[in-house]
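Below: the structure, in structure tokens.
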Amino acid sequence: MEQKIILETERLYLREMNMDDHAALFKVLGDPEIMQHYPYSFDEQRVCEWIERNMNRYRENGFGLWAVCLKDTGEMIGDCGLTLQNIEGEMLPEIGYHIRADQQRKGYAKEAAAAVRDWAFANTSYPALYSYCKYTNTGSYKTAESIGMHFAKEYPDPDNEITHVSVIFRDEM
């Protein structure tokens, strides 16, 4: 299947995902350790639905979560991108990311998220970008901080108990 590359960084490229990515993405989303802060675990069917949802986002919004691939091998190691998410009752642009366990702590999430941040400010009119996660997911909000985001708020949420929200405003760039 043809792969539409959206972004390139020093070590990565981000491209639209497709159903051929199922096995690679299952290694990420199906890993209970990686998804411990998520409201539910992923089985094979949920991974298919995740890919389909993002393929629909590409068509409807012009963005979604993209496959994160190593430039030197082409191997997919996770996803990162921009989605519209319900953050305390408001649909807001959110940068999300998931990186396979054996590829974590190498700066890939930061590198991909920074590229998505720059892409979003260059290609959309959103005044701010957000990242949100369960309050216990310090790795996720530390990644958000590493790309210039800062604490915005925390609020009670039935899925996350407490949701931690980070933000960066266009004029902070």
If two hydrophobic side chains count as joined below 4.5 Å and joins carry through other members, does [X] share a cluster with [Y]?
X	Y	answer
Phe151	Tyr141	no
Tyr155	Tyr38	no
Leu12	Ile5	no
Phe169	Phe121	no
Ile87	Met91	no

Exercise. Is there a side-chain contact (heavy atoms from CB on, under 4.5 Å) between Leu7 and Tyr13 once you walk through the steps?
Worked result: CA-CA 6 Å; Leu7 294 167; Tyr13 64 87; over 6 Å; no
From [X] atom [atom1] to [Y] atom [atom2], the distance as rounded to the nearest 0.5 Å:
X	Y	atom1	atom2	result
Glu49	Leu29	CD	CG	12.0 Å
Cys48	Asp21	SG	CG	11.0 Å
Leu92	Leu84	CG	CG	8.5 Å
Ile162	Glu154	CD1	CD	6.0 Å
Ile77	Arg11	CD1	CZ	8.0 Å
Asp20	Gln3	CG	CD	8.0 Å

Exercise. Can you check side-chain contact (heavy atoms from CB on, under 4.5 Å) on Asn160 and Cys133, steps first, answer last?
Worked result: CA-CA 7 Å; Asn160 288 328; Cys133 60; 6.0 Å; no
For this session: From the options Lys110, Glu111, Lys71, select the one residue that forms a side-chain hydrogen bond (donor to acceptor under 3.5 Å, both in side chains) with Thr9.
Result: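 When Lys110, Glu111, Lys71 are each tested with Thr9, the side-chain hydrogen bond (donor to acceptor under 3.5 Å, both in side chains) holds only for Glu111.
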Of all heavy-atom pairs between [X] and [Y], which one has the smallest distance, and what is that distance?
X	Y	value
Arg117	Ile147	NH1-O, 2.6 Å
Ala109	Ile99	CB-CG1, 3.9 Å
Asp118	Met173	OD1-CE, 3.4 Å
Val68	Leu14	CG2-CG, 4.1 Å
Leu129	Leu82	CD2-CD1, 4.0 Å
Ile168	Gly148	CD1-O, 3.6 Å

Exercise. If you draw a 6.0 Å radius around NZ in Lys134, do more than 12 non-hydrogen atoms from other residues or ligands fall strictly inside?
Worked result: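 Yes, enclosed.
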Problem set entry | Six-ring centre of Phe63, Arg57 cation under 6.0 angstrom, axis tolerance 45° |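 Pair Arg57/Phe63 does not count as cation-pi.
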Are the side chains of [X] and [Y] in touch, meaning some heavy atoms are under 4.5 Å apart?
X	Y	answer
Arg15	Lys4	no
Asp79	Val28	no
Met149	Ile95	yes

Is it the case that the side chain of [X] and the backbone of [Y] share a donor-acceptor pair, with hydrogens and angles ignored and the cut-off at 3.5 Å?
X	Y	answer
Asp31	Glu33	yes
Arg170	Tyr126	yes
Asp157	Thr163	no
Thr83	Gln85	no
Glu161	Pro156	no
Asn61	Tyr58	no
Asn137	Ser140	yes
Tyr97	Ala144	yes
Arg46	Ser41	yes

Problem set entry | Exercise: do Tyr132 and Glu94 side chains pair donor with acceptor under 3.5 Å |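 Not at all, the side chains of Tyr132 and Glu94 share no donor-acceptor pair under 3.5 Å.
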Problem set entry | Residue pair Arg53 / Asn56, side-chain donor-acceptor N/O under 3.5 Å |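 Result is no, nothing qualifies.
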Exercise. Hey, are Glu52 and Arg59 close enough for a salt bridge, meaning a charged N less than 4.0 Å from a carboxylate O?
Worked result: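 So Glu52 pairs with Arg59 through a salt bridge.
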For this session: Check the pair Lys153 / Glu88 against salt bridge (Lys or Arg N to Asp or Glu O under 4.0 Å), numbers first and verdict last.
Result: CA-CA 10 Å; Lys153 62 183 171 181; Glu88 202 173 23; 2.7 Å; yes
For this session: Scan Lys106, Gln104, Arg105 and name whichever one has a side-chain contact (heavy atoms from CB on, under 4.5 Å) with Tyr108.
Result: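 So, applying the side-chain contact (heavy atoms from CB on, under 4.5 Å) to Tyr108 and each of Lys106, Gln104, Arg105, only Lys106 qualifies.
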For this session: Please test Trp66 against Val116 for side-chain contact (heavy atoms from CB on, under 4.5 Å), starting from the C-alpha separation and ending with a verdict.
Result: CA-CA 10 Å; Trp66 296 304; Val116 169; 4.0 Å; yes
Exercise. Given Thr124 and Trp119, is the side-chain contact (heavy atoms from CB on, under 4.5 Å) satisfied, shown in steps?
Worked result: CA-CA 8 Å; Thr124 73; Trp119 180 93; 4.3 Å; yes
Exercise. Between His164 and Tyr135, does the ring centre distance come in under 6.0 Å?
Worked result: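 They do not qualify: ring centres at least 6.0 Å apart.
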Exercise. Can the ring centres of His22 and Trp50 be said to be less than 6.0 Å apart?
Worked result: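 Between Trp50 and His22, which both carry aromatic rings, the centre distance is not below 6.0 Å.
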